[in-house]
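The structure displayed is predicted, hence computed values, not measured ones.
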Amino acid sequence: MIVAESFSGPLAIGIAAGKPPALRGVVLVASFARAPRKLPCGLWRALGWLSVWPALMARLSTPLVVGRYGSEAFQDIYRSVLREVPLRTLLARLCAVSRLDRRDRLREIAVPLACLRATRDRLVPARASAEVEAWCAEVHPLDGPHFLLQARPEEAATAVSGFIARLG
């Protein structure tokens, strides 16, 4: 079983499309198969020249990824982690996301897929979720932000464990 949230979803799609023998199912959480928003890589590179970029990114992205669901403790951890990740790594990841398209690999997946959709996701729009959901045996809309596993862990765990149980 693979459970993949956000950017790890396209990675899980690629792994599952390779048909690993022991894989029984995939759960994609607040994820996508192609770039949810198109922003040119040049923009990310240009932002890299700002010396305040990591702190600014943490401040601007926290409301987007956890919204009103994130505790102060979670927000502190998130900001701390963002500050520790090298700027070059963050920018490369944002650039990779903006060029990503794994929709063709969805049809190659031979195991059941489930999707947990964050109903208050400010990063992955409904159209991007719908492209993945069309391939899913189960879709579970959960009231929450993009970081659904962190913001709504009990509800997400119930949905994932239910999917696993239904697989037999």
Side-chain angles (χ1 to χ4, degrees), residues 1-20 23 26-70 74-109 111 113-136 139 141-142 144-152 156:
M1 178 65 57
I2 297 174
V3 178
E5 185 177 39
S6 189
F7 181 66
S8 63
L11 301 173
I13 290 169
I15 292 168
K19 298 178 179 48
L23 186 63
V26 177
V27 179
L28 300 174
V29 183
S31 195
F32 47 90
R34 74 169 162 156
R37 303 196 187 280
K38 293 280 186 185
L39 294 172
C41 288
L43 172 66
W44 300 121
R45 288 187 199 106
L47 289 172
W49 291 100
L50 296 174
S51 61
V52 296
W53 173 244
L56 179 63
M57 184 175 181
R59 183 174 301 271
L60 294 176
S61 66
T62 299
L64 297 175
V65 296
V66 292
R68 65 181 173 88
Y69 297 87
F74 173 80
Q75 291 179 33
D76 290 344
I77 291 168
Y78 175 67
R79 290 179 186 126
S80 173
V81 168
L82 273 182
R83 281 187 216 99
E84 291 181 29
V85 176
L87 179 58
R88 174 176 249 159
T89 302
L90 287 173
L91 296 175
R93 187 171 181 178
L94 291 168
C95 186
V97 167
S98 69
R99 294 185 308 218
L100 182 77
D101 192 342
R102 291 285 175 105
R103 291 174 297 168
D104 59 331
R105 303 298 313 264
L106 284 165
R107 70 176 55 88
E108 299 172 31
I109 298 174
V111 297
L113 292 171
C115 178
L116 276 59
R117 180 176 15 97
T119 60
R120 299 181 189 270
D121 197 329
R122 294 180 180 170
L123 294 180
V124 178
R127 68 155 174 78
S129 293
E131 290 175 347
V132 171
E133 291 170 13
W135 295 92
C136 290
V139 176
L142 297 178
H146 184 66
F147 280 1
L148 199 54
L149 296 179
Q150 295 80 13
R152 303 302 300 263

**Message:** Test side-chain contact (heavy atoms from CB on, under 4.5 Å) on Glu5 and Gln150; report intermediate values, then the result.
**Reply:** CA-CA 10 Å; Glu5 185 177 39; Gln150 295 80 13; 3.1 Å; yes

Identify the two heavy atoms, one from [X] and one from [Y], that lie closest to each other, and give their separation to 0.1 Å.
X	Y	value
Pro36	Arg127	O-NH2, 2.6 Å
Leu123	Pro125	O-CD, 3.4 Å
Ser31	Pro10	OG-CD, 3.7 Å
Cys136	Ala114	SG-C, 3.8 Å
Val29	Leu148	CG1-CB, 3.9 Å
Thr119	Pro141	CG2-CB, 3.8 Å

Evaluate the side-chain proximity of [Y] to [X]: yes if any heavy-atom separation is below 4.5 Å, no if none is.
X	Y	value
Val97	Phe7	yes
Ile15	Pro20	yes
Val27	Met1	yes
Pro145	Arg122	no
Phe32	Arg102	no
Glu108	Lys19	yes
Arg34	Glu131	yes
Cys115	Ser129	no

**Request:** Verify side-chain contact (heavy atoms from CB on, under 4.5 Å) between Arg117 and Val139, making sure each step is shown before the conclusion.
**Result:** CA-CA 7 Å; Arg117 180 176 15 97; Val139 176; 4.1 Å; yes

**Asked** Is it true that a side-chain atom of Asp101 and a backbone atom of Arg103 form a donor plus acceptor pair closer than 3.5 Å?
**Response** yes

**Prompt:** What distance separates Leu149 CG from Leu142 CG, expressed to the nearest 0.5 Å?
**Reply:** 9.5 Å

**Asked** Quick one: which of Ile13, Val26, Ile2 gives a side chain to side chain contact (heavy atoms under 4.5 Å, CB included) with Leu113?
**Response** Val26

